[in-house]
Protein chains: 2
Amino acid sequence: MVEQIAHLDAVFHALADPTRRAMLGQLAKRELTVGELATPFSMSLAGASKHVRVLENAGLVTRTIRGRTHLCRLEAARLAEANAWLRRYQHFWTAKLDTLESLLRAEDLAKVKKLKE
Amino acid sequence: MVEQIAHLDAVFHALADPTRRAMLGQLAKRELTVGELATPFSMSLAGASKHVRVLENAGLVTRTIRGRTHLCRLEAARLAEANAWLRRYQHFWTAKLDTLESLLRAEDLAKVKKLKE
DNA sequence: CCTATACTTAACTACATGGTTGAGCAAATC
DNA sequence: GATTTGCTCAACCATGTAGTTAAGTATAGG
């Protein structure tokens with residue numbers, strides 16, 4: 001629980017770079033090697049490799065070494081943590097979603113509860 | 001649209017620091033002056049002031065100067081942008097929320113659409 | 001076996017960040 | 001009017017970040 005605080009530091013820092021966000025966008029479609037992740041960017045392979053490392057250290061990506069290629073896969077658990085943090089502020093930016101929530105509560109409280117846990 | 005990319009850089013970077021996240025947590029309860037924001041932390045006022053500045057530059061906080069005090073208010077629009085970005089990955093970390101969505105769609109698509117816009 | 005491929009690591013540069021102290025300034029207060 | 005208060009700004013330091021190139025390692029393929 002307390003560890004999540006440190007997680008959030010690393011996760012938000014990893015997300016603060018457009019190259020890394022783009023990499024995650026690619027990984028959302030399919031698993032990719034470090035080389036494949038690097039190609040879209042005008043950057044050395046070593047540079048891209050460092051970005052992958054940051055994503056990995058943040059727990060956003062896991063790596064499977066197969067032969068000489070490193071296959072990267074999106075790991076969404078930490079994104080969920082970040083989202084959970086943001087959710088605490090959700091009512092600040094939209095009364096509409098509050099309405100949606102209350103609508104849900106009104107319709108079937110038990111069903112929603114089951115979905116949440 | 002494209003500007004939001006730069007927004008995200010600043011917003012995620014601002015959120016990557018635990019002091020700043022804590023400040024936002026305080027501002028979620030009530031508006032606070034820079035001094036009030038600074039007191040919980042073992043840090044000089046100038047240091048805290050720099051954190052406030054980062055939050056302000058990211059658009060997460062607005063400042064109202066009244067006399068010699070600077071009142072800070074949480075500005076959630078940019079948090080919403082960050083949340084919107086994370087939402088694109090939501091189905092990766094929970095099939096349960098997907099179910100919630102489809103449940104909504106099944107129940108009243110038109111109503112939900114209205115709520116979203 | 002030799003070479004090309006897919007990476008990582010190390011060393012380096014340039015700049016940003018998080019913190020400090022000290023000075024400055026404008027508004028409250030005495 | 002003098003002083004305290006609330007804050008910013010500037011200068012500085014240590015560390016971190018994003019990028020580079022060059023070298024090293026290990027696998028795949030001729």
Side-chain angles (χ1 to χ4, degrees), chain A residues 5-27 30-74 78, chain B residues 5-27 30-75 78 82:
Chain A
I5 295 173
H7 283 354
L8 285 176
D9 286 10
V11 168
F12 281 132
H13 170 249
L15 296 181
D17 184 286
T19 300
R20 290 192 289 261
R21 287 198 306 275
M23 284 178 166
L24 291 179
Q26 295 301 310
L27 289 173
R30 50 190 134 68
E31 303 188 357
L32 291 166
T33 67
V34 172
E36 288 169 334
L37 278 172
T39 41
F41 307 102
S42 53
M43 184 187 301
S44 69
L45 177 63
S49 170
K50 281 167 80 169
H51 281 300
V52 174
R53 164 86 73 180
V54 171
L55 292 168
E56 200 182 7
N57 287 341
L60 293 170
V61 158
T62 53
R63 182 192 307 245
T64 309
I65 301 177
R66 195 156 47 157
R68 61 186 165 176
T69 69
H70 295 208
L71 238 218
C72 299
R73 188 177 60 204
L74 179 64
R78 297 290 163 79
Chain B
I5 295 174
H7 283 354
L8 285 177
D9 285 10
V11 168
F12 281 132
H13 170 249
L15 296 182
D17 185 285
T19 301
R20 290 192 290 261
R21 287 200 306 276
M23 284 177 166
L24 291 180
Q26 295 303 309
L27 289 173
R30 53 191 130 67
E31 304 188 355
L32 292 166
T33 68
V34 172
E36 287 169 335
L37 279 172
T39 42
F41 307 102
S42 52
M43 184 186 302
S44 69
L45 177 64
S49 170
K50 281 168 82 169
H51 282 300
V52 174
R53 164 84 74 177
V54 171
L55 291 168
E56 200 182 8
N57 287 342
L60 293 171
V61 158
T62 52
R63 184 193 304 245
T64 310
I65 301 177
R66 196 157 45 156
R68 63 185 164 175
T69 71
H70 295 207
L71 238 215
C72 298
R73 187 176 60 204
L74 179 63
E75 212 61 55
R78 297 289 163 78

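Just so we're on the same page: letters track the sequence lines, and every chain starts at 1. Worth saying up front: this structure is predicted, and the values here are computed from it rather than measured.
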Open item on the list: Can you tell me which residue among A/Leu32, A/Leu55, A/Val34 is in a side chain to side chain contact (heavy atoms under 4.5 Å, CB included) with A/Cys72?
Closed with: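 Filter result, single survivor: A/Val34.
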Starting at atom [atom1] of [X], determine the distance to atom [atom2] of [N], rounded to an integer number of angstrom.
| X | N | atom1 | atom2 | result |
| --- | --- | --- | --- | --- |
| B/Leu45 | C/dC25 | CG | P | 18 Å |
| A/His51 | D/dG19 | NE2 | P | 4 Å |
| A/Asp17 | C/dC15 | CG | P | 18 Å |
| B/Arg53 | D/dG6 | CZ | C1' | 15 Å |
| A/Leu15 | D/dA18 | CG | C1' | 17 Å |
| A/His70 | D/dT25 | NE2 | P | 15 Å |
| B/Leu32 | D/dG6 | CG | C1' | 15 Å |
| B/Lys50 | C/dT17 | NZ | C1' | 8 Å |

Task: Residue A/Val34, side-chain heavy atoms: nucleotide from D/dT20, C/dC7, C/dT20 that is nearest - done: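 Nucleotide nearest to A/Val34's side chain: C/dC7.
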Open item on the list: Would you compute the distance between atom CG of A/Leu27 and atom CD of A/Glu36 and round it to the nearest 0.5 angstrom?
Closed with: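 Between A/Leu27 CG and A/Glu36 CD, I get 10.0 Å after rounding to 0.5 Å.
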TODO: Calculate, to the nearest 0.5 Å, the distance between atoms CG and CG belonging to A/Leu8 and A/Leu15 respectively.
DONE: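 So the gap between those two atoms works out to 10.0 Å.
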- [ ] Would you indicate, yes or no, if C/dC7 has its OP1 or OP2 atom less than 4.0 angstrom from a side-chain nitrogen or oxygen of A/Thr33?
- [x]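 Result: yes.
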Open item on the list: For A/Arg68 and B/Glu36, find the nucleotide of DNA chain D closest to each by heavy atoms; which residue's nucleotide sits nearer the 5' end?
Closed with: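 Looking at the nearest nucleotide for each, B/Glu36 comes out on the 5' side.
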Open item on the list: Between A/His13 and A/Ala46, which residue's closest nucleotide on DNA chain D lies nearer the 5′ terminus?
Closed with: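 By nearest-heavy-atom nucleotide position, the 5'-most residue is A/His13.
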Under 4.0 angstrom, heavy atoms only, what part of the nucleic acid is [X] near: base, sugar-phosphate, or nothing?
| X | answer |
| --- | --- |
| B/Arg20 | sugar-phosphate |
| B/Ser44 | base |
| A/Gly35 | sugar-phosphate |
| A/Thr19 | nothing |
| A/Gly67 | sugar-phosphate |

Open item on the list: Within the structure provided, determine whether B/Val61 and B/Glu75 are in side-chain contact (heavy-atom separation under 4.5 Å).
Closed with: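 Not in contact.
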Task: Step-by-step side-chain contact (heavy atoms from CB on, under 4.5 Å) determination, A/Arg20 to A/His13 - done: CA-CA 10 Å; A/Arg20 290 192 289 261; A/His13 170 249; 3.9 Å; yes
